[in-house]
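The structure presented is a predicted model; accordingly, all values stated were derived computationally and were not measured.
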Amino acid sequence: MNTFPLTDSRSTNPTIAVLGFKRQLVYHLHFWAFIAVAPLVVVQWQNHHFLLSSLLILFCVNAILVIGLLRFRSTYFLKGRLFPLLAVVCAAYSTAINGHAGLYWAYPAASALFFLLPLREAIASNVVFVSVMAVVSFIKFPEADFWRITFSLGLTCLFSMIFSWLVGKLQTELTRLATTDPLTGCLNRSQLADVLNSQIQMRERYDRVSSLILLDLDYFKMINDQWGHLAGDKVLKEMALRLRNRLRENDQLFRIGGEEFMIVLPETTQQEGNLLAHQLLTSISARPFLEDIRITASASIAEVSKGETWSVWLNRADQALYDAKSRGRNQVVGAARQLATDSSNPDEFPTPIVS
């Protein structure tokens with residue numbers, strides 16, 4: 001499994017973009033760590049510190065493996081867990097034999113852990129790191145130096161932890177803002193291709209069906225013209241709420257246009273989706289929005305066919321929605337099925353059925 005998928009600077013998927021930045025961060029941290037540590041292998045060997053030199057060689061080999069696998073396989077070697085282990089051992093042992101010259105490397109190593117590991121793992125690793133360094137400092141240095149080292153290293157870890165936590169919160173919030181519609185809270189178009197492609201892969205690999213519903217409010221412009229755009233916004237927010245109340249936890253609701261919504265239904269046939277679409281239209285027209293705004297909607301339902309792309313799948317549903325509009329609105333139309341490439345059966349092209 002690729003921990004860091006290949007990314008493109010033009011990617012419109014915020015989640016993939018974030019993974020791309022993480023990949024760059026991991027890559028550069030290991031690269032510059034290798035540049036900094038590699039000369040120390042020779043220095044420690046010349047000083048007859050053969051064990052430390054061997055540990056630093058392992059550190060460099062781990063960095064090379066991480067860099068190489070990220071570069072050519074887009075995988076994160078052992079998910080970076082060798083870095084904290086080797087950093088703790090090397091820094092502690094170097095401090096024990098080299099004094100302050102080895103201690104200086106503990107500070108960048110402690111900070112780097114928060115950029116290479118999940119927050120909880122980084123905190124646990126740094127607790128061990130600071131504890132080990134405190135023991136070594138207590139044995140190696142005077143008491144005054146022991147307290148200075150322990151508190152300064154502890155504060156470095158604390159500040160790095162706070163920074164990492166805030167960056168993580170900011171990343172989560174920015175991703176949420178980039179992937180959801182600010183008015184209704186539905187997913188937006190940035191996630192559309194990935195979600196539909198994932199359902200197509202399930203169809204191709206495991207023969208699991210999926211369907212999508214396109215739903216468009218009828219004559220929505222009249223609401224904005226008669227009651228104003230604020231009322232129109234409130235209608236859209238309540239619309240999203242009514243739709244969510246009828247969906248399962250794994251169904252995904254998108255707002256893909258001004259008054260157009262899309263619902264992705266995993267493990268759902270076109271017949272099952274057709275029943276749900278009717279229920280949704282009933283819930284929309286059953287009672288007024290706000291105080292006296294009554295609305296109807298038109299919908300289409302399309303089950304994914306083997307061998308088709310997400311754009312073809314969506315286009316079939318869009319064509320069926322156009323048919324529902326042209327036939328009088330306030331109805332559901334099932335999309336024509338895609339013809340299999342190895343089939344010559346004309347029944348594979350049923351005409352859209354108004355339900």
Side-chain angles (χ1 to χ4, degrees), residues 3-4 20-119 121-137 140-141 145 148-164 167:
T3 305
F4 297 106
F21 284 120
K22 286 184 176 179
R23 171 181 171 170
Q24 292 292 322
L25 180 61
V26 168
Y27 184 94
H28 283 290
L29 280 176
H30 280 85
F31 176 80
W32 292 110
F34 172 79
I35 295 298
V37 171
L40 298 179
V41 174
V42 178
V43 171
Q44 297 302 325
W45 190 273
Q46 290 176 342
N47 291 334
H48 304 289
H49 298 148
F50 302 121
L51 177 57
L52 179 57
S53 182
S54 299
L55 291 172
L56 293 176
I57 289 173
L58 286 177
F59 187 92
C60 292
V61 169
N62 174 69
I64 292 172
L65 286 172
V66 170
I67 293 169
L69 290 175
L70 276 179
R71 185 78 175 87
F72 299 107
R73 295 280 185 91
S74 294
T75 57
Y76 192 8
F77 179 64
L78 297 179
K79 296 184 178 180
R81 291 188 173 90
L82 269 184
F83 188 102
L85 176 62
L86 292 172
V88 170
V89 173
C90 290
Y93 184 56
S94 180
T95 302
I97 62 177
N98 293 319
H100 288 91
L103 174 66
Y104 299 141
W105 295 99
Y107 294 89
S111 299
L113 297 187
F114 286 102
F115 297 95
L116 297 175
L117 297 175
L119 184 58
E121 291 186 27
I123 293 172
S125 298
N126 270 297
V127 168
V128 175
F129 199 170
V130 173
S131 300
V132 171
M133 293 303 298
V135 171
V136 173
S137 300
K140 183 72 177 178
F141 304 114
D145 284 353
R148 292 189 185 98
I149 292 167
T150 302
F151 276 98
S152 63
L153 186 58
L155 284 175
T156 299
C157 293
L158 178 62
F159 295 155
S160 298
M161 180 194 72
I162 293 172
F163 179 77
S164 178
V167 168

Which value, rounded to the nearest 0.5 Å, describes the distance between L40 atom CG and W45 atom CH2?
15.0 Å
Is there any salt bridge (Lys or Arg N to Asp or Glu O under 4.0 Å) pair reaching into residues 46-60, and which pairs are they, with sequence neighbours excluded?
none
Nearest-0.5 Å distance, CD of residue Q24 to CG of residue L29:
11.5 Å
Looking only at heavy atoms, what is the nearest atom pair of L55 and C90, with distance?
CB-SG, 3.7 Å
Separation between CG (L65) and CG (L70), nearest 0.5 Å, reads 11.0 Å
Distance from F31 atom CZ to I64 atom CD1, nearest 0.5 Å?
11.0 Å
Taking all non-hydrogen atoms of both residues into account, name the closest pair between A87 and F129 and its distance.
O-CZ, 4.0 Å
List the atom of A134, the atom of T150, and the distance in Å for their closest heavy-atom pair.
CB-OG1, 3.7 Å
N98 vs L52 side-chain heavy atoms within contact, under 4.5 Å
yes
Main-chain N/O of G99 paired to K140 side chain as donor or acceptor, under 3.5 Å
no
Contacts table for residues 106-118: side-chain donor-acceptor under 3.5 angstrom, sequence neighbours left out:
from: Y107; atom 1: OH; to: S152; atom 2: OG; distance (Å): 2.7
from: S111; atom 1: OG; to: Y107; atom 2: O; distance (Å): 3.2
from: S111; atom 1: OG; to: S160; atom 2: OG; distance (Å): 3.3

Does any non-hydrogen side-chain atom of I97 lie less than 4.5 Å from one of H49?
yes
State, with a plain yes or no, whether a side-chain heavy atom of L69 is found less than 4.5 Å away from one of Y76.
no
If you take all heavy atoms of V136 and A92, which pair is closest and at what distance?
CG1-O, 3.9 Å
Does any pair with a residue in residues 77-106 pass ring pair (Phe, Tyr, Trp, His ring centres under 6.0 Å), and if so which ones, sequence neighbours excluded?
H30-F83, F59-F83, H100-F141
Test log, rule side chain to side chain donor-acceptor pair (under 3.5 Å), inputs R23 and S74
CA-CA 8 Å; R23 171 181 171 170; S74 294; 3.3 Å; yes
Matching residue for M133 among V128, V88, T95 - test: side-chain contact (heavy atoms from CB on, under 4.5 Å):
T95
N126 and M161: side chain to side chain contact (heavy atoms under 4.5 Å, CB included), yes or no, with the steps?
CA-CA 10 Å; N126 270 297; M161 180 194 72; over 6 Å; no
Heavy-atom donor-acceptor pair, N62 side chain to L58 backbone, under 3.5 Å
no
Are the side chains of S137 and D145 in contact, using a 4.5 Å heavy-atom criterion?
no
